[in-house]
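Note sheet for the following structure.
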Number of protein chains: 2
Amino acid sequence: MNRGLSDPSPFPSRAEKLSERERKREAVLRAAVRAFNARGFHSASLDDVAASLHISKPTIYHYLGNKEQVLLECVTRGLEKLQEAADAAERESGTGLDRLRSFLRRYAEINMDDFGRCVIRTGEEMLSADGARRFRELKSRIDLAMRSLIEEAVGDGSIETTDVKLLAFTLAGALNWPARWHRPDGPLTAEAISATMVDLLTAGIAPRR
Amino acid sequence: MNRGLSDPSPFPSRAEKLSERERKREAVLRAAVRAFNARGFHSASLDDVAASLHISKPTIYHYLGNKEQVLLECVTRGLEKLQEAADAAERESGTGLDRLRSFLRRYAEINMDDFGRCVIRTGEEMLSADGARRFRELKSRIDLAMRSLIEEAVGDGSIETTDVKLLAFTLAGALNWPARWHRPDGPLTAEAISATMVDLLTAGIAPRR
DNA sequence: CAATCAATATACTTGTGAGTAAGTTATATA
DNA sequence: TATATAACTTACTCACAAGTATATTGATTG
């Protein structure tokens, strides 16, 4: 509650109220994505989500809209993180393989996070036609970014491959899967898993020496 | 309809009636798994499934039981096929890597088939506690079979790896993913995809030369 | 031939959960 | 001070889909 650096007045300023709304919105979104991940989109009811925050269902509508909008906001968050990871990797130095590996590690980590996990676990059949289209478009951008990184690595000779598209699917598939089985309270951290998996995968991409 | 080799009598024998029941049961199961895969378990209603066969919902209950039992039968079918593939691979000759590759190709193919695809797309949150437990057990057997094949390959030196468990997850993840994106009417056959993906993956497992 | 069973249908019950209408209180604004 | 608006609530509606009660028909069997 008391997040000010000093002198926490009980009378909120205007800016504080705005950010208060943002923080509440955020909390609702978090609760929703956790519920979706834990019990599945269909089985998690908005009443459950509301109850977990000691609020009522209409409050969710107040902050985020209907159930599909909530889900779309969740997956958009996850996909934004992935996009940022791709952009960051593009800006890095090193060989194409270095940049690709860097992206893949981050990609896997995000997929073990709340919003990334939600991206993986959300199927198009859960969405309306419009929602599914938007979802597909966003995912497609990530796919293209990954292919782009692969092509750059092919270009500078740091990897060899015949089929960029299938390679992208293979890498993505392997690194998406932890979203299904990884438990944050398990023995291995997300970073450790990511690093090991990327090592396993890229050893196969590197030219034979 | 007329599946006899010769002299098709319109009066079915007792054996024919039994097999008729089996064939109908099979048709219902097929229709169900297709609907589940196409629209998702929750969105696919048993009324839809029934309508697609021009029958009524109680007929599904007559042949297969309730919706969860239908789903469990579907995933059991898929997992049985995977188990057979593992057993077959174990009986093959060649190096451990040969047997592993053979299994992985078959594994990927099955996952692009109706029942295999259903295994991948079915989450535990869709099942009752009991159903989820059975599902987990069956999946676990496949996982163990894959680890076993990996260990044999490590044993005879045809592959090198430090973490068998994570390698199994990585391979499985990559080869599960086509269940999400592959369309049977697409440009690449399931066999072609499997072969290419397994090549991509195993090139990284083989000892560096 | 009576009784039972298999295979189907129609027409219902029922639970669940998304979404909404309408009210309440507090605060900001004109 | 009146009024609009934000931030909620309780208490509904309503649709959908799982599952069931019951009836019908035709074949099987004792």
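Because the structure is a prediction, the values reported are computed rather than measured. Letters A, B, ... mirror the listed sequences (proteins, then strands); counts begin at 1.
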Across all chains, not counting sequence neighbours, the side-chain hydrogen bond (donor to acceptor under 3.5 Å, both in side chains) partners of B:Asn66 are none
Inter-residue atom distance A:Leu82.CG - A:Ile142.CD1, 0.5 Å rounding: 5.0 Å
Go through A:Glu125 and B:Ser43 one step at a time and tell me if the side-chain hydrogen bond (donor to acceptor under 3.5 Å, both in side chains) criterion holds. CA-CA 7 Å; A:Glu125 69 274 359; B:Ser43 308; over 6 Å; no
Starting at CZ of A:Arg21 and ending at C1' of D:dC8, how long is that distance when rounded to a whole Å? 11 Å
Any salt bridge linking A:Arg101 with A:Asp98? Criterion: basic side-chain nitrogen under 4.0 Å from a carboxylate oxygen. no
Using whole Å, what does the distance between atom P of nucleotide C:dA18 and atom CE of A:Met126 come to? 14 Å
Only counting residues at least two apart or in another chain, list the ones meeting side-chain hydrogen bond (donor to acceptor under 3.5 Å, both in side chains) with B:Arg106. B:Glu109
In residues 34-48 of chain B, which ones come under 4.0 Å of DNA chain C, going by heavy atoms? none
Just to verify, what does B:His182 make a side-chain hydrogen bond (donor to acceptor under 3.5 Å, both in side chains) with, not counting sequence neighbours? none
Phosphate OP1/OP2 of C:dA6: any B:Lys24 side-chain N/O under 4.0 Å: no
Given side chains that start at C-beta, do those of B:Cys118 and B:Leu71 come closer than 4.5 Å, heavy atoms only? yes
Heavy atoms within less than 4.0 Å of DNA chain D: which residues of residues 57-77 of chain A have one? Give them sorted by number. A:Pro58, A:Thr59, A:His62, A:Tyr63
Contacts of B:Ser45 that satisfy side-chain hydrogen bond (donor to acceptor under 3.5 Å, both in side chains) - sequence neighbours left out: B:Asp48
Rounded interatomic separation in angstrom, taking CD from A:Glu20 and C1' from D:dA7: 11 Å
Please report, rounded to the nearest Å, how far the P atom of D:dT10 is from the CD1 atom of A:Ile55. 12 Å
